[in-house]
Amino acid sequence: MAVQIHSSADARRIARRRLPWMVFDYIDGAAGQETGAVRNRAAFDALEFRPRILRDVSNRSIAVDLFGKPTKAPFGISPMGMCNLSGPCADLMLARLAARENVPLGVSTVASTAMEPLIEAAEGNAWFQLYFSGDGTGTFKLVERAKAAGYETIILTVDVPEVGRRPRELRHGFKMPFRIGPKQFVDFALHPRWSITSLLAGKPQMANFDMPGFDFDRTESRAKADWGTLKRLRDMWPGNLVVKGVLDSADAVALRDAGVDAVQISSHGARQLESAPSPITALREICAAVGPDLPLFFDTGLRSGEDVVKAYGLGANFAFLGRVLQFAIAAGGEEGLQQLWSVLRDETQITLAQIGATSLSPDQLKDAVRV
């Protein structure tokens, strides 16, 4: 019987049952005692819409322009490490979705499929996400490799100077590269559906580190990155440069002045700093500070089409979805992913109708969200 996904909560519930505990907690977990994740959700729930009536909303569109190109959906796919843990070939499922919807696939530095086949499967709709690490030697090798592969946009993630402590994954002994010990073996034995399909497909690896002399350590300090690092990247990268992990308006203004092409407001899904502000509460202030000319992207905590419209109503120009897509894959493979994507599209356009809007443009959503 095919899985039925009617909401992101459905996808998470089914994934929790099907995934090994170690894998589910790696995807689902947050920093510290996870109060940051709770506050992120509460911040979304506290926002209300201002419904307007008797407006002709029969002709609605959720398409938006992104760096001058039209998309079919107002949200893309966040860069996520080791996606193939959620299911065999998950990275390629996401890439094919990006191609169909003309939306960006964020290809993580620690993706479980190499950057070259992913941009090919995404038909060019892929952005490479970059972590600075160590002294930067390997980092800038990856930049040159992304350029050679045809990437036009790089996302520099700046909110991980040190990898945050996520107790749920630590308790399970989660490691990258992926390692299987006695505890993991028992966990996998108790989840045979995942074990048979995933492990027989091959142990997930960090696929972008097959370059000679470049061994990536997930726990290696990234603390040396500074504004000089950004300048070096800006000077060597001719395409779009997005800086992800911004929560302070002064930082956003400085990034604008440094010549970045967009800022992504994000707390890394509350996985880094438990007491970080909720990104949705920071969005309005940052929007006011940088003005209308710098695109603002948003991720963290999005679980529904209503959440997406709230983000746009507070100033976002594009949104990115993350772990809910992995849950959909774990729940139902590529069919489950498409089901959830369709749900999120439907929720978004229905929300527009309910608030009397026909698009996600700022003039349509002015004063649509009560803060």
Keeping N208 on the side-chain end and A114 on the backbone end, is there a donor-acceptor pair under 3.5 Å?
no
Looking at L296, is its backbone amide N or carbonyl O close enough to the side chain of N317 to form a donor-acceptor pair, meaning the two atoms are under 3.5 Å apart?
yes
Under the side-chain hydrogen bond (donor to acceptor under 3.5 Å, both in side chains) criterion, do E152 and N240 qualify, and how do the steps go?
CA-CA 6 Å; E152 297 178 355; N240 300 313; 5.6 Å; no
Would you say CZ of R16 has more than 12 non-hydrogen atoms from neighbouring residues, nucleotides or ligands within 6.0 angstrom?
no
Closer than 3.5 angstrom, by distance alone: can the side chain of R271 be matched with the main-chain N or O of G164 as a donor-acceptor pair?
no
Do any N or O atoms from the side chain of Q364 and from the backbone of T358 form a donor-acceptor pair under 3.5 angstrom?
yes
Under 4.0 Å between a Lys/Arg side-chain N and an Asp/Glu carboxylate O for R100 and E123?
no
Do you reckon F49 sits in the same ILVMFWY cluster as L352, going by side-chain contacts under 4.5 Å, direct or chained?
yes
Parallel, tilted or perpendicular: rings of W194 and F188 (30°, 60°)
tilted
Whether D251 side chain and D248 backbone form a donor-acceptor pair below 3.5 Å
no
Under a 3.5 Å distance rule, please check whether T71 uses its side chain to pair with a backbone N or O of P74 as donor and acceptor.
no
With clusters defined by side-chain heavy atoms of hydrophobic residues (ILVMFWY) lying less than 4.5 Å apart, directly or transitively, does V57 cluster with V64?
no
Restricting to non-hydrogen atoms, name the atom on A331 and the atom on A11 that form the minimum distance, rounded to 0.1 Å.
CB-O, 3.9 Å
Is it true that the side chains of E274 and T35 contain a donor and an acceptor less than 3.5 Å apart?
yes
Check for a donor-acceptor pair, side chain of D187 on one end and backbone N or O of K183 on the other, with a separation under 3.5 Å.
no
Anything under 30° is parallel, anything over 60° is perpendicular, the rest tilted; go ahead and classify Y151 against F128.
perpendicular
Would D45 and R41 count as a salt bridge (charged side-chain N to carboxylate O under 4.0 Å, His left out) if you check the C-alpha gap in whole Å, the side-chain angles of each, and the deciding distance to 0.1 Å?
CA-CA 6 Å; D45 291 340; R41 185 62 253 163; 2.9 Å; yes
Tell me whether D25 is salt-bridged to R171, with the criterion being a basic N under 4.0 Å from an acidic carboxylate O.
no
In plain terms, say whether R50 and D367 are close enough for a salt bridge, that is, a side-chain N and a carboxylate O under 4.0 Å apart.
no
Do Y312 and P362 come within less than 4.5 Å of each other through their side chains, counting heavy atoms only?
no
side-chain contact (heavy atoms from CB on, under 4.5 Å) for L66 and F297? Distances and angles first, verdict last.
CA-CA 10 Å; L66 185 61; F297 304 154; 3.6 Å; yes
Pair R232 + D235: basic N to acidic O under 4.0 Å
no
Is atom CZ of R13 surrounded by more than 12 heavy atoms (other residues, nucleotides or ligands) closer than 6.0 Å?
yes
What do you reckon, is CZ of R193 surrounded by more than 12 foreign heavy atoms closer than 6.0 Å?
no
Any heavy-atom pair between the side chains of T139 and S133 that's under 4.5 Å?
yes
For Y26 together with F24, are the ring centres under 6.0 Å from each other?
no
Compute whether any side-chain donor of one residue and acceptor of the other, for T300 and N40, lie under 3.5 angstrom apart.
no
Joint hydrophobic cluster, W21 plus I27, side-chain heavy atoms closer than 4.5 Å
no
Thinking salt bridges, do E144 and K141 make one under a 4.0 Å N-O criterion?
no
For D257, does the CG atom have more than 12 heavy-atom neighbours from other residues, nucleotides or ligands under 6.0 Å away?
yes
Non-neighbouring partners of R256 that pass side chain to side chain donor-acceptor pair (under 3.5 Å), sequence neighbours left out
none
Residue pair L337, L94: steps toward the side-chain contact (heavy atoms from CB on, under 4.5 Å) verdict
CA-CA 8 Å; L337 176 63; L94 293 167; 3.9 Å; yes
Keeping the roles fixed (side chain from E48, backbone from R370), state whether a donor-acceptor pair exists under 3.5 Å.
no
W127 and F67 aromatic centres sub-6.0 Å:
yes
Check whether any side-chain heavy atom of V309 sits under 4.5 Å from a side-chain heavy atom of I355, and report yes or no.
yes
So, S112 versus Q205: side-chain donor-acceptor pair below 3.5 Å or not?
no
Answer yes or no: is there a donor N or O on one side and an acceptor on the other, between the side chain of E347 and the main chain of G305, under 3.5 Å?
yes
Between the side chains of D299 and S266, is a donor N or O closer than 3.5 angstrom to an acceptor N or O?
yes
Would you sort out whether V242 and T153 count as a side-chain contact (heavy atoms from CB on, under 4.5 Å), showing the intermediate values?
CA-CA 7 Å; V242 180; T153 301; 3.9 Å; yes
Can you check whether L156 reaches L233 side chain to side chain, under 4.5 Å on heavy atoms?
yes
Can any side-chain N or O of S86 pair as donor or acceptor with the backbone N or O of C83 at less than 3.5 Å?
yes
Spell out, yes or no, whether M236 and F132 are grouped together once hydrophobic residues are joined by side-chain heavy atoms under 4.5 Å, including indirect joins.
yes
State plainly whether one hydrophobic cluster holds both V371 and F298, where clusters connect Ile, Leu, Val, Met, Phe, Trp and Tyr through side-chain heavy atoms under 4.5 angstrom apart.
yes
Determine, for E334 against R96, whether the closest basic-nitrogen to carboxylate-oxygen distance falls under 4.0 angstrom.
yes
Taking the side chain as C-beta and beyond, is there a heavy-atom pair between S108 and Q129 under 4.5 Å?
yes
Test side-chain contact (heavy atoms from CB on, under 4.5 Å) applied to L340 and S8, step by step
CA-CA 7 Å; L340 180 60; S8 64; 4.2 Å; yes
Taking the six-membered ring for Trp and the full ring for Phe, Tyr or His, determine whether the centres of F75 and W341 are under 6.0 Å apart.
yes
Heavy-atom side-chain proximity of Q339 to V3 below 4.5 angstrom:
yes
State, with a plain yes or no, whether a side-chain heavy atom of L230 is found less than 4.5 Å away from one of L255.
yes
Might you work through the side-chain hydrogen bond (donor to acceptor under 3.5 Å, both in side chains) test for Q272 and S267, ending with a clear yes or no?
CA-CA 7 Å; Q272 290 305 120; S267 70; over 6 Å; no
Pair D28 + R168, salt bridge at N-O below 4.0 Å:
yes
From CA spacing to verdict: salt bridge (charged side-chain N to carboxylate O under 4.0 Å, His left out), R345, E101
CA-CA 11 Å; R345 286 178 55 96; E101 295 290 305; 2.9 Å; yes
Take atom CD of E34 as the centre, draw a 6.0 Å sphere, and report whether it contains more than 12 heavy atoms from other residues, nucleotides or ligands.
yes
So does D65 pair up with K69, basic N to acidic O under 4.0 Å?
no
Assess the residue pair S249 and E285 against the criterion (side-chain hydrogen bond (donor to acceptor under 3.5 Å, both in side chains)); give the C-alpha distance rounded to whole Å, side-chain angles, the decisive distance to 0.1 Å, and a yes or no.
CA-CA 7 Å; S249 59; E285 178 184 348; 3.2 Å; yes
Answer yes or no: is there a side-chain heavy-atom contact under 4.5 Å between L97 and I77?
yes
